[in-house]
Each structure stands twice: as C-alpha cells, then as structure tokens.
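Down below is the structure, laid out as structure tokens.
Here the structure is a predicted model, which is why all the values come from computation and not from measurement. Hydrogens, waters and symmetry mates play no part in the numbers below; they use all other heavy atoms, side chains included. So you know, we letter chains A, B, ... as the sequences are listed, proteins then strands, and number each from 1.
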Amino acid sequence: MEINGVEIEDTFAEAFPMVAARAIITADARRWAEIAGRAATGYATSVIACDAEAGIEQAIEPDASPDGRPGVSLLFFGFSRDKLEKAVTGRVGQCVMTCATTACYNGLGGTEKSIRVGGNLRYFGDGFQTSKLFEDWEPETANGPGMDPEHGGPASLHPAAADPPRAALAPRRRFWRVPVMDGEFLCEDRFGVVQGVGGGNFLILAESAAVALAAAERAVQAIDWVPGVITPFPGGVVRSGSKVGSRYKKLRASTNEAYCPTLRGVTTTALPGRVAAVYEIVIDGLDLAAVVAATAAGVRAACLSGVVQISAGNYGGSLGPHHIRLHEALGR
Amino acid sequence: MLTLRWKTSTTIPVEAEAITPENLAARSAVEIARLPLQYGNRPEPLGEFFDVAGDARDEHVVLEGDMGPLKWVGAGMTRGRISVYGRIGMHLGAEMAGGRITVHGDAGDWVGAEMRGGFIQVRGNALHQVGAAYRGSRRGMRGGVILIHGSAGNEIGSTMRRGFIAIGGDSGDFAGVSMIAGSICLFGSPGIRYGAGMKRGTISHFPSDGGGTLAVLPSFRLDCVYRPVFLRLYLRALARWGFPLPAGVEAGSYERYSGDLVALGKGEILKWLGPSAS
C-alpha cells in the first residue's frame with residue numbers, strides 16, 4: 001500500500017489493555033486550566049518508568065464544561081486500578097489542587113468501576129472539608145408526559161407523546177470542597193474508569209531528521225482532532241523507541257537498535273537504505289476504535305514527500321491482544 | 001398512562017396514600033376506582049372523587065383538577081411519575097424514596113416532607129414546611145430534589161439532613177432552621193432568621209435587591225467575599241431543569257457567613273452580591 005508515494009508496510013501495532021480515566025479541569029481562565037493540565041500530565045510518557053501515561057485530550061468550551069468555565073480534559077492510563085488511583089490522586093493533588101482557581105471533575109460517567117480521587121484528597125482540608133452530593137436528574141422533555149400546559153396542554157391529551165418511565169433515582173455525584181487560600185478546591189469524589197488501550201503506535205521512517213519530524217508533527221496535529229485518545233510523549237513524538245529487555249538485568253526496556261541509524265553498520269538494521277531518521281507516534285485511547293481511528297488519521301497526515309515508509313512496532317504478537325494492522329486501519 | 005380527573009368540590013380532606021405509581025401499576029381502571037381513600041372519618045372508593053381513564057402500566061399517573069383537599073399523593077413512592085395539573089393538597093411526596101412528581105399548579109404544606117429520594121417540581125407556589133421534618137422527628141429531608149418555582153412558607157428544609165431545595169419566589173420565616181446538612185437556594189426574599197440553629201449545610205440567598213437588606217443572624221460570622229465554584233453546578237442544573245433564575249446569576253461574588261455558631265457552626269450562608277460584584 002502507498003499513500004502519496006509513501007510505502008505503508010503490511011504490519012501491525014501491538015497494543016494492550018490499560019485502565020483509563022478522564023479528568024476535566026476547569027479554571028477561571030483557560031490559561032490556568034491548561035497550566036494545570038500540563039503539570040498534571042507531566043512525566044507521564046510511558047509506564048516503563050512513570051506511574052501512569054497521561055496527556056491532554058482536548059480543550060473544553062465553557063458551555064460544555066461542568067461549571068461553565070473553560071477547561072481541558074485529560075486522559076490517564078495505568079496497568080491496574082490501584083496504581084491508576086494512586087497516580088491520579090497524586091497528580092491532581094500536587095498539580096491541580098495547587099493551581100490557581102481550578103476545579104477537577106470526573107469525565108467518564110456511568111462506568112461500572114471507579115477510582116477515588118477527591119475522596120482521597122479531601123483530607124488536605126484537615127477537617128474543614130465539606131462535601132456536596134449532587135443528584136443529576138434529567139430535565140422533563142418538552143413532549144413528554146410532564147410537559148408544561150403552555151406547550152400543548154396536559155399530557156393526557158397527547159397519549160402518543162408519552163415517553164417511557166424514567167429511572168427512579170438519578171445518578172449521584174459527590175464533590176469535595178477543600179478550603180485553600182483563594183477559596184475552595186472542588187474535586188469530584190470518584191472518577192469512572194474503563195478498560196482502555198495503550199501502546200498503539202506507528203513509525204515514520206524518512207530521508208532526514210527534519211522531514212521525519214515535520215511528518216511527525218503533522219501526524220500529532222491530525223490525532224489531536226480524534227476524541228478519546230492521547231499521544232503521551234513530549235509533543236506526541238518519540239525518538240527513543242524501545243525494545244523489551246536489555247543486556248543489563250535491571251532494565252525492562254532499552255533502545256531499539258534496529259531503528260537507530262547510527263548503528264546501521266554494527267547491527268541487524270530494520271532501516272531501508274535511504275532512511276536517516278525515525279520517529280514513533282504512541283497512542284493511548286479509551287477504546288480500540290479510537291486508537292485505530294487515530295492511527296489512520298496520523299498515518300495519512302504523515303505521508304509527506306521525503307518520508308520513505310510508515311511501519312509499526314510489535315513484538316510478534318506476544319505482548320498484547322490488540323493488533324492494529326496498518327492496512328486495515330487505513331482501509332476503513 | 002393513568003388519568004385521574006377530580007370531579008368533586010368537597011372541602012373535607014381526602015387522604016390518598018394509595019395514589020402512587022407502583023400501587024396503581026398492576027391494577028385495572030375498575031380496580032383503581034374501587035380503591036379506598038379516607039374521606040373525613042370514613043373510607044370512600046376513589047371513583048367517588050375521580051373519573052378514571054387509562055392504566056398505569058407505564059407507571060405514569062396524571063391528576064387533573066382543583067385538588068386542594070387531596071392529601072398524601074405520592075407519599076412513600078419509590079418509582080414512576082406523577083404529573084399534577086391543578087392545585088394539590090398537603091403532604092405531596094412525603095417520605096418518597098424515588099421517582100418524580102411534577103405539579104403544574106400550587107401545592108399545600110409539607111411538600112416532600114422527610115423525603116429520601118426522588119424529584120419534585122412545583123411550578124406554582126407551596127405552603128409551609130417544604131422538605132421539613134415532621135414534629136418530633138429527628139431528621140427532615142434525607143435526599144432528593146425539591147424545586148418550587150413560586151413562593152413557599154415557613155420552615156423550608158427544617159432539620160434536613162441531605163438533598164437540595166430551591167425556592168424561586170419569596171419564602172417564609174426560619175428557612176433551613178436546624179439544618180443538619182444539604183443545600184437550599186432562596187431566590188426571592190426570605191423571612192426572618194433563616195439558618196437559625198443550622199449545624200452544617202448551605203443556604204444560598206440570591207437577593208432580588210442586589211445586596212439584600214435582610215441581615216443574617218448575629219450568630220453567623222462573615223468569612224469573606226468569594227466565588228464558590230460548586231454553586232455553579234447547582235445553578236447550571238437549575239437552568240437545565242427549567243427553573244426560573246435571575247439574570248446574570250452565574251456571575252458575581254458571594255458573601256460567605258459561617259454558622260450557626262450557637263449550634264455546630266459548620267454551616268454556611270452564601271449571599272449573592274449581584275452579577276456585577278467582583
């Protein structure tokens with residue numbers, strides 16, 4: 001397969017399940033929400049050495065945010081619920097609660113499982129914290145049985161408009177109010193978690209480092225438009241692609257010499273002759289479909305003049321159950 | 001959908017605990033018409049007071065008419081919906097645990113008294129003791145939402161433990177008296193001594209005259225002027241529920257008072273200073 005003259009190798013990215021959470025941070029000004037978001041997702045590139053993988057998913061407009069203020073949504077990924085709870089609690093506590101004017105909300109409602117975040121951070125209030133239990137009732141529909149007579153009279157006159165019975169109780173959300181020096185830090189008690197997908201990836205092999213980086217930047221820009229995914233590495237781009245294991249026992253991962261152009265003469269290289277540099281895009285998502293969509297968007301955007309090949313990292317199928325075949329992703 | 005049309009003009013109280021969606025769901029119109037309601041000092045069949053049409057298999061009951069003497073509608077209900085078109089009497093939704101009641105008209109005393117859960121929306125006015133504790137009881141409302149678009153009487157949320165009450169118009173004396181926890185929003189002019197004896201919880205007051213002339217009780221202490229973020233969640237929900245809100249209510253600052261210091265003192269009164277206050 002070729003796109004714009006760039007070869008798309010018939011291979012697959014090997015992705016694996018991760019536990020995922022979404023946090024929405026709001027602030028009086030977008031600048032402060034973004035500052036908190038960047039701080040809370042710092043040092044969260046890979047679970048090889050970080051407590052979580054995290055990134056800013058998208059900007060949240062005031063009319064779509066929980067409290068009517070501008071914000072950002074963040075995605076966090078970890079290998080277990082316990083580890084994710086510890087990581088998110090620490091990051092929200094140190095990077096969001098400390099940041100001027102912010103509040104932090106759960107961004108995944110209706111999940112079966114959850115982690116406690118605000119409920120852990122409340123103790124910072126030293127006994128002065130308070131909580132609010134909020135019942136999130138749906139409004140009456142305009143054409144439902146409870147409609148206002150001003151809009152057509154009693155519902156009994158419109159039996160065809162009757163809607164099905166509603167749930168007896170509304171979802172309840174608890175919020176903690178922790179006193180801080182500019183007022184209060186508001187944080188939701190529990191954050192929903194889902195089984196996400198980590199380790200989606202593709203490799204951009206180019207004739208020069210400049211071309212490879214330009215293609216990688218375009219790929220990340222395209223992925224930014226896909227909801228439900230993040231690219232957790234700096235600027236979304238990885239230059240230190242890794243393999244599993246090392247000659248040093250204490251290391252779980254080490255440089256992937258087959259893709260290092262400086263080692264072409266001394267190793268079994270995976271680089272075609274014209275390739276001078278490689279960048280990797282790593283994608284984590286809330287579900288497989290989002291990662292596949294991001295892969296397709298990123299690969300298409302990366303196919304610039306000077307890019308030789310698009311490939312993907314895998315371990316022969318032994319690492320993860322999700323195999324994202326590049327040709328299939330692009331064919332959708 | 002079951003429709004009950006009020007057809008009498010009695011002034012004698014009619015006690016209608018039987019009118020809950022779950023109690024009527026499995027019955028035919030004939031069976032429903034035979035259900036006994038307490039009329040003064042004797043039971044009378046429901047059909048003496050209502051024309052019955054349809055069925056409640058979908059757990060939706062509609063009441064129509066000027067039903068001022070009709071008490072205890074929806075009391076203790078756990079699910080389903082009741083829609084009232086007209087006036088309804090005392091104890092509407094008292095002790096209810098779930099489901100939804102909407103009144104397109106006025107309601108009497110004790111709306112949602114000691115309710116545990118559910119959603120009551122009265123688009124007209126209500127009388128005294130909305131969401132309150134019955135005399136001798138230790139706790140009032142323990143969960144759920146009560147919205148009164150119009151005015152309400154005395155002792156709103158008396159001894160409430162949890163839940164949310166909003167009053168769109170004026171309210172009587174002693175709103176939130178002896179509150180244990182929960183939230184009350186007052187958008188009109190409250191009567192005297194709101195928050196008296198409150199231990200915890202929040203009373204938010206949105207004075208229509210900007211600063212508000214009614215003084216907070218002296219047993220409350222002014223903490224600061226600030227913008228509580230959590231209140232935005234309630235205000236946005238109220239707007240979503242179709243509740244009438246003052247213009248510019250999402251902007252502006254609030255005076256925060258802690259109290260009541262004659263009780264536990266962990267409660268708060270938030271007094272809105274108007275949309276232009278910074």
Side-chain angles (χ1 to χ4, degrees), chain A residues 26-28 62-63 65-69 101-105 127-142 144-151 153-170 172-173 175-177 179 182-188, chain B residues 1-3 5 21-22 25 53-54 58-62 64 77-83 85-86 97-102 104-105 117-119 121 123 143-145 162-164 181-183 200-202 224 226-237 239-242 250 256 266 268:
Chain A
T26 65
D28 280 357
D63 57 359
S65 87
D67 58 23
R69 303 188 300 168
T101 77
T102 59
C104 190
Y105 306 96
F128 296 101
Q129 72 273 18
T130 58
S131 78
K132 288 292 174 193
L133 193 63
F134 180 78
E135 296 189 24
D136 203 3
W137 286 88
E138 287 291 320
E140 295 266 41
T141 54
M147 67 183 185
D148 193 311
E150 292 170 8
H151 300 106
S156 56
L157 301 178
H158 304 272
D163 57 5
R166 306 292 176 80
L169 294 170
R172 288 181 165 188
R173 301 168 68 183
F175 298 90
W176 285 99
R177 301 166 59 196
D182 70 354
E184 288 170 351
F185 172 58
L186 185 70
C187 188
E188 195 154 354
Chain B
M1 181 168 58
L2 173 74
T3 303
R5 286 193 187 85
E22 62 259 52
D58 63 354
E59 299 192 344
H60 182 206
V61 178
V62 175
E64 295 176 15
M77 66 186 270
T78 60
R79 61 181 194 271
R81 308 178 73 190
I82 295 176
S83 302
Y85 293 90
R100 188 169 194 138
I101 299 176
T102 306
H104 300 277
F119 188 94
Q121 188 161 21
R123 292 179 182 269
V145 174
R162 191 177 289 130
F164 177 66
S183 302
R200 300 185 194 84
T202 303
C224 65
Y226 85 128
R227 297 181 181 209
V229 175
F230 83 94
L231 212 47
R232 290 169 160 269
L233 304 181
Y234 286 110
L235 293 171
R236 286 173 73 80
R240 206 166 59 242
W241 293 331
E250 281 207 2
R256 184 186 193 274
K266 289 191 171 183
E268 64 183 346

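- For Leu186(A), the part lying under 4.5 angstrom from a heavy atom of chain B is the side chain only.
- For Phe185(A), no part sits under 4.5 Å from any heavy atom of chain B, backbone or side chain.
- Ranked by heavy-atom pairs shorter than 4.5 Å toward chain A, the options Gly118(B), Ala237(B), Gly98(B) are led by Gly118(B).
- Heavy-atom distances place no part of Ala53(B) under 4.5 Å from chain A, backbone and side chain included.
- Looking only at atom types and distance, the side chain of Thr130(A) has no donor-acceptor partner in the side chain of Lys266(B) under 3.5 Å away.
- For Thr102(A), no part lies near chain B; criterion is any non-hydrogen pair under 4.5 Å.
- Using cut-offs of 30° and 60° for the angle between ring planes, the Tyr234(B) and Phe164(B) rings count as parallel.
- The contact between Arg236(B) and chain A is made entirely by side chain atoms (from C-beta outward), counting heavy-atom distances below 4.5 Å.
- At a 4.5 Å heavy-atom cutoff, Arg173(A) makes no contact with chain B through either its backbone or its side chain.
- Listed options Gly144(B), Gly182(B), Gly117(B), Ala181(B) were ranked by heavy-atom pairs under 4.5 angstrom with chain A; first place goes to Gly144(B).
- Arg100(B) forms a cation-pi arrangement with Phe119(B), by the criterion of a distance under 6.0 Å to the ring centre and an angle within 45° of the ring axis.
- With a 4.5 Å cut-off on side-chain heavy atoms, Met1(B) and Val62(B) count as touching.
- Taking all atoms of both residues into account, the shortest heavy-atom contact from Arg240(B) to Trp137(A) is NH2-O, 4.3 Å.
- In summary, Glu268(B) and Arg256(B) engage in a salt bridge, as defined by a charged side-chain N under 4.0 Å from a carboxylate O.
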